[in-house]
S.K.: 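Take a look at the following structure, please.
Not measured: the values here are computed from a predicted model.
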There are 2 protein chains.
Amino acid sequence: MTTNSNVERRAELLATAAQVFADQGYNATTVRRVADAAGLLAGSLYYHFDSKESMLDEILSSFLDELWAGYDTVLAAGLGPRETIEALVTESFRQIDRHGPAVAIYQKEARHLSAQPRFAYLADSQVKFENAWLRTLERGVAEGVFRADLDVRLVYRFVRDTVWVAASWYRPGGTHSPEEIARQYLSMVLEGITTPN
Amino acid sequence: MTTNSNVERRAELLATAAQVFADQGYNATTVRRVADAAGLLAGSLYYHFDSKESMLDEILSSFLDELWAGYDTVLAAGLGPRETIEALVTESFRQIDRHGPAVAIYQKEARHLSAQPRFAYLADSQVKFENAWLRTLERGVAEGVFRADLDVRLVYRFVRDTVWVAASWYRPGGTHSPEEIARQYLSMVLEGITTPN
DNA sequence: TAATCTACCAAACACTTGTTAGGGAAGGAG
DNA sequence: CTCCTTCCCTAACAAGTGTTTGGTAGATTA
């Protein structure tokens, strides 16, 4: 039976685990430290979870699920290239606002985790993400909205990295809202930082 | 006595250690794995180094030394704001070309390492780096070279992150030289990716 | 009231970790 | 030939790791 409090407690424990993982790094974090932060003993965590790895798995997969729910609606909206980019970036910063720790973990550990079969979905997600971006950028170049003299793949990498790495310094409740950060970032990438003419 | 071969061997071992650290993450990497990659046994590493941590220390500090040698000459050259930014970015990509693994390690581990007294110089370097960038950007805004409606601190963070995170995908000897990557990146950041007008 | 279930603790387990101690082959120095 | 240094190996250690087992106070159910 999956009671309601059961679900809530799991989510609560996963949230603190995600925070500690993000701060110290997954491998550098001991199960006892997570338990400490949650206010119980190490062994007690195994009443709720199979293993340390399954906590990480649940943190990352539930984050990616919600992320793609947002992305898919954007991609299905039939917007123009520039508007699609704007919507994707804004959606990304919103996810950072909501799932900060999960994003930070993803950004640090995704590379060597995706080698493990259990985390193969990380690689899948990355491929899907890259395809969506590249298609949008190429469409923009074809329509004359984006410059043709830039390497699309390089642009994609730069934009992707900058957006996600923002999770390492962004703190919810700061002076800038996710939408404001997205607006400034988009303005920089789209129009450049130099004065026109 | 510090013989020549002694120095060469140390550098050789540090290079392979840096590669493994960058691939697997410092904490996830066991001393035995480093030894394996270097073709000797775990204990034998302790003939050359005091500890695993001192390997990391030597990798990071020697990288930062060389990095700042480059930066300082750029900053002392008395260039204009735009030219200073261009030179800093280009120099950064050159360092990524030369010290790829060290940069990757730095980018992943710097945050929680700088809390340790032994690695306090990481925090110092970051402060110095931030000051140099912010001063240059503000000077550019004051001179009318850069837009005044962007948050300088945000611009700094975005640019800094994008440049350094490139170490995670850049591979020496690829299709793009460091200078070419720097040129494309600068073109994007300075002029934007949309077509003029 | 009696039985069951929930959520935790106490204590240990097997294993991996970084590190150390002692020894030995190879080769140059005297 | 002998001595000594260099560089590595073998073998172990203590501490820390993720995980398991058995138990138990307190609420929930019958």
S.K.: Whole-Å distance between D/dC9 P and B/Asp36 CG?
M.R.: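 Result: 11 Å.
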
S.K.: According to the interplanar angle, ranging from 0 to 90°, do the rings of A/Trp133 and A/Tyr156 count as parallel (below 30°), tilted (30 to 60°) or perpendicular (above 60°)?
M.R.: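 Ring orientation, 0 to 90° scale: tilted.
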
S.K.: Report the distance from atom CG of B/Asn27 to atom P of D/dG18, rounded to the nearest whole Å.
M.R.: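 The answer, rounded to whole Å, is 12 Å.
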
S.K.: State yes or no: are the ring centers of A/Phe129 and A/Tyr71 separated by less than 6.0 Å?
M.R.: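 Yes.
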
S.K.: Does the base of C/dG18 carry an N or O that pairs as donor and acceptor with the side chain of B/Arg32 under 3.5 Å?
M.R.: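 Answer is yes: a donor-acceptor pair is held.
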
S.K.: Send over the distance from A/Arg9 CZ to C/dA7 C1', rounded to a whole Å.
M.R.: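 Result: 9 Å.
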
S.K.: Under 30°, 30 to 60°, or over 60°: which ring-plane class applies to B/His99 and B/Phe63, parallel, tilted or perpendicular?
M.R.: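 B/His99 vs B/Phe63 ring planes: tilted.
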
S.K.: For residues 15-35 of chain A, which residue pairs pass the salt bridge (Lys or Arg N to Asp or Glu O under 4.0 Å) check, not counting sequence neighbours?
M.R.: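 Every candidate salt bridge (Lys or Arg N to Asp or Glu O under 4.0 Å) pair involving residues 15-35 of chain A fails, so no pair, neighbours aside, qualifies.
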
S.K.: Just checking A/Leu40: base, sugar-phosphate only, or nothing, at a heavy-atom cut-off of under 4.0 Å?
M.R.: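 Counting heavy atoms under 4.0 Å across all strands, the contact made by A/Leu40 is with sugar-phosphate only.
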
S.K.: Counting only side-chain N and O atoms of B/Tyr47, is one of them less than 4.0 Å from OP1 or OP2 of D/dC8?
M.R.: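 Negative; the distance criterion is not met.
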
S.K.: For B/Arg33 and C/dT16, what is the distance between atoms CZ and P respectively, to the nearest whole Å?
M.R.: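 Taking CZ of B/Arg33 and P of C/dT16, I get 14 Å after rounding.
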
S.K.: Check every atom of D/dT20, C/dT6, D/dC9 against the side chain of A/Tyr46 and return the nucleotide holding the closest atom.
M.R.: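 Side chain of A/Tyr46 sits closest to D/dT20.
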
S.K.: On DNA chain D, check which nucleotide each of A/Asp50 and B/Ser44 is closest to and give me the residue with the more 5' one.
M.R.: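 Going by which nucleotide is closer to the 5' end, it is B/Ser44.
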
S.K.: Looking at the side chain of B/Val31, which of C/dG18, C/dT6, C/dA10 is the nearest nucleotide?
M.R.: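 Nearest to the side chain of B/Val31 among the choices is C/dG18.
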
S.K.: In whole angstrom, give the distance that lies between atom CD of A/Glu53 and atom P of D/dT17.
M.R.: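 After rounding, the reported distance stands at 18 Å.
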
S.K.: Could you walk me through whether B/Asp57 and B/Tyr121 satisfy the side-chain hydrogen bond (donor to acceptor under 3.5 Å, both in side chains) test, starting with their C-alpha distance in whole Å, then the side-chain angles of each, then the deciding distance to 0.1 Å, before giving a yes or no?
M.R.: CA-CA 10 Å; B/Asp57 194 355; B/Tyr121 63 89; 2.7 Å; yes

S.K.: If you only use heavy atoms from C-beta on, which nucleotide in C/dT6, C/dG18, D/dT19 is closest to the side chain of A/Lys52?
M.R.: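 Closest nucleotide to the A/Lys52 side chain: D/dT19.
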
S.K.: Would you mind reading off the distance between B/His48 atom NE2 and D/dC9 atom C1', rounded to a whole angstrom?
M.R.: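 Computing the B/His48:NE2 to D/dC9:C1' distance gives 12 Å.
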
S.K.: What integer distance in Å separates A/Leu13:CG from C/dA7:P?
M.R.: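 So the CG-P distance, A/Leu13 to C/dA7, works out to 11 Å.
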
S.K.: Taking the minimum atom-to-atom distance to the side chain of A/Ser51, which one of C/dT19, C/dA7, D/dT19 wins?
M.R.: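 Selected nucleotide: D/dT19.
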
S.K.: Roughly, in whole Å, what's the span from CZ in B/Phe49 to C1' in D/dC7?
M.R.: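 So the CZ-C1' distance, B/Phe49 to D/dC7, works out to 13 Å.
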
S.K.: Using a heavy-atom cut-off of under 4.0 Å over every strand shown, decide if A/Thr30 touches base, sugar-phosphate, or nothing.
M.R.: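 The residue A/Thr30 makes sugar-phosphate contact but no base contact.
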
S.K.: Would you indicate what B/Ser54 reaches in the nucleic acid, counting non-hydrogen atoms under 4.0 angstrom: base, sugar-phosphate, or nothing?
M.R.: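 The answer is nothing, as B/Ser54 stays clear of every strand by at least 4.0 Å.
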
